[in-house]
Amino acid sequence: MTARLRLDAARCTGHGRCYTVAPDLLSDDEEGFVEQRGTDLPVPGPLLGQAADAESACPEMAITLLDAAPAPTTTDGEP
Amino acid sequence: MSEQIQQCPVSHTDYRSTTAPAGHYDLLDREREASRYHFSDTTERGFWMLTRYDDVLKGFQNPDTFTNDVTSALNPERGIDLLPQQLGGEEHARLRRVVNPYFSPAAVRRMEPFATARCVELIEELRPLGRCDFVAEFAIRYPTDVFLDLLGLPTSDGAFFVPWVEDVFGGIFTGDAERARSASANITDYFDARVRERRRNPLDPAVDLVSRLVQARRGADEEPLTHDEILTVCLTLTMAGLDTTRSALGYMFWHLARHDDDRATLIGDPDAVPAAVEEFIRLYPLVIQAGREVSRPVELDGLRLDAGEVVWLGIGSANRDPRKFPEPGTFRLGRKGVNQHLGFGAGPHRCLGMHLARVELAIVLREWHRRIPHYRIASDAPLVERGSQLTLMSLPLEWDA
Ligand code: HEM
Ligand code: SF4
């Protein structure tokens, strides 16, 4: 199954951390929110790392990585 | 009065007092580990302190229960208006939609060349001297100039603007209401003249914030913002943007002057700078709390709160909560989830200026270390950390010119 990145429009308040750590997946809009919010974005295999970083970078918990097995490793490999 | 379901200690720690650098974090750490909640009796109204990351985040994300009728637990009767801070709900969202575009990453990219040039200019002024008080001679001048430029105002106005800002903060944080009032009146008068000028000669509202505020409609009623509201927005931005950035710069350089390894990392790898900025904001949260007022009786895990009570959302505790951040007192690049720190708040009131602040701070880290890679703290005189909203009162640095 293709991994997807769920971007919760109601929770996103525009911290801009997701598109900073996942520039190949996400971008910023006029107000600083993530442009793709409100969608389940398909994540190509090579970008799974970025997707996982985006998930763990959002302080609003607005981002969830779905159907990504096996778990991708993030940049630093901490628990 | 709220009921203590679990045992909940009373805190007598007055976070308005000065300490040694980073001294407030020691106090916060101790309290968080002693008990999840505290009731502080250090102000007239008192306040309930939330100290753990998860609790603090929940507080930020439930603005209907925890309202911005109070924005500082230490100073619940705020005395001056703050916009957009003091609004809630749809009214707040509408004003944020008006101002957000001027502080978005895209807008910040537009001012980056100016900020870089001004930063370099100030550093080059200081470099031959071989020493400076980093706080007074750099850390407040730079963000003020950038801020004025962002508002389309002449940076030379910084010469009188900076002392006013100092007086407002000095007044608020020392309880000298009169000094704060007269300085904020000066700032308001200054903006009053600028706003009137923009009414007569509007600039392109796509890039000029003041022109946009003049034209903005509040919402369904199509009413423009009142003149006073526009002035309040300008004053709020001044209050929220300058003391904070100065403070963040002070902590970064206090840290780097004493940690050669971290400095070497930034000198050797300028690409690490954005991550370093984020980690500095986590490690040295200068806004240690946001206040909120409870709008309806609510039960948190083990704590019942009544309507009208004041809550302390402990940013300074949350950012150093070991349940969230392993080895929380250590500066570490590449932390997983470091970006989830709450140094800029969260929820609908998350810091409007965060993108600007990040870029400003990153520029300084790059440009300073390119020119003055090695420096040290110049005097043995003890450094002082102001309470309330933290900042180092001075930071004497020296280097080989
Ligand atoms: C390192 C620098 C900064 C830090 C640590 C910081 C921190 C914060 C925090 C924690 C909040 C949330 C307060 C709350 O929820 O009650 C906040 C809100 C705010 N900040 Fe910042 N800030 C910084 C720089 C700036 C700058 C440069 C500006 C603008 C020029 C700014 C403008 C604002 C405004 C207007 C709000 C209120 C937003 C609202 O209520 O909707 N800040 N800031
Ligand atoms: S990090 Fe979270 S809150 Fe920030 S823009 Fe991305 S999704 Fe929105």
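Lettering follows sequence order; numbering is per chain, from 1. The figures here come from the full heavy-atom set of this structure, side chains too, leaving out hydrogens, waters and symmetry mates.
With rounding to the nearest 0.5 Å, the separation of CZ in B:Arg335 from NZ in B:Lys324 is 11.0 Å.
Interface summary for chain B: among A:Glu55, A:His15, A:Glu30, the most heavy-atom pairs under 4.5 angstrom belong to A:His15. Heavy-atom pairs under 4.5 Å with chain B were tallied for A:Gly14, A:Gly32, A:Cys58; the largest tally goes to A:Gly14. Ranked by heavy-atom pairs under 4.5 Å with chain A, the first of B:Arg350, B:Arg96, B:Met354 is B:Arg350. Of the listed residues A:Asp28, A:Asp29, A:Val21, A:Thr20, the one with more heavy-atom pairs under 4.5 angstrom with chain B than any other is A:Asp28.
In summary, A:Asp40 and A:Arg6 engage in a salt bridge, as defined by a charged side-chain N under 4.0 Å from a carboxylate O.
Both the backbone and the side chain of B:Arg97 come within contact range of chain A, with heavy atoms under 4.5 Å apart.
Side-chain contact between B:Pro84 and B:Val98 is absent, with no heavy-atom pair separated by less than 4.5 Å.
A donor-acceptor pair shorter than 3.5 Å cannot be found between the side chains of B:His349 and B:Gln85.
Within the 6.0 Å centre-distance limit, the rings of B:Tyr284 and B:His255 are counted as a close aromatic pair.
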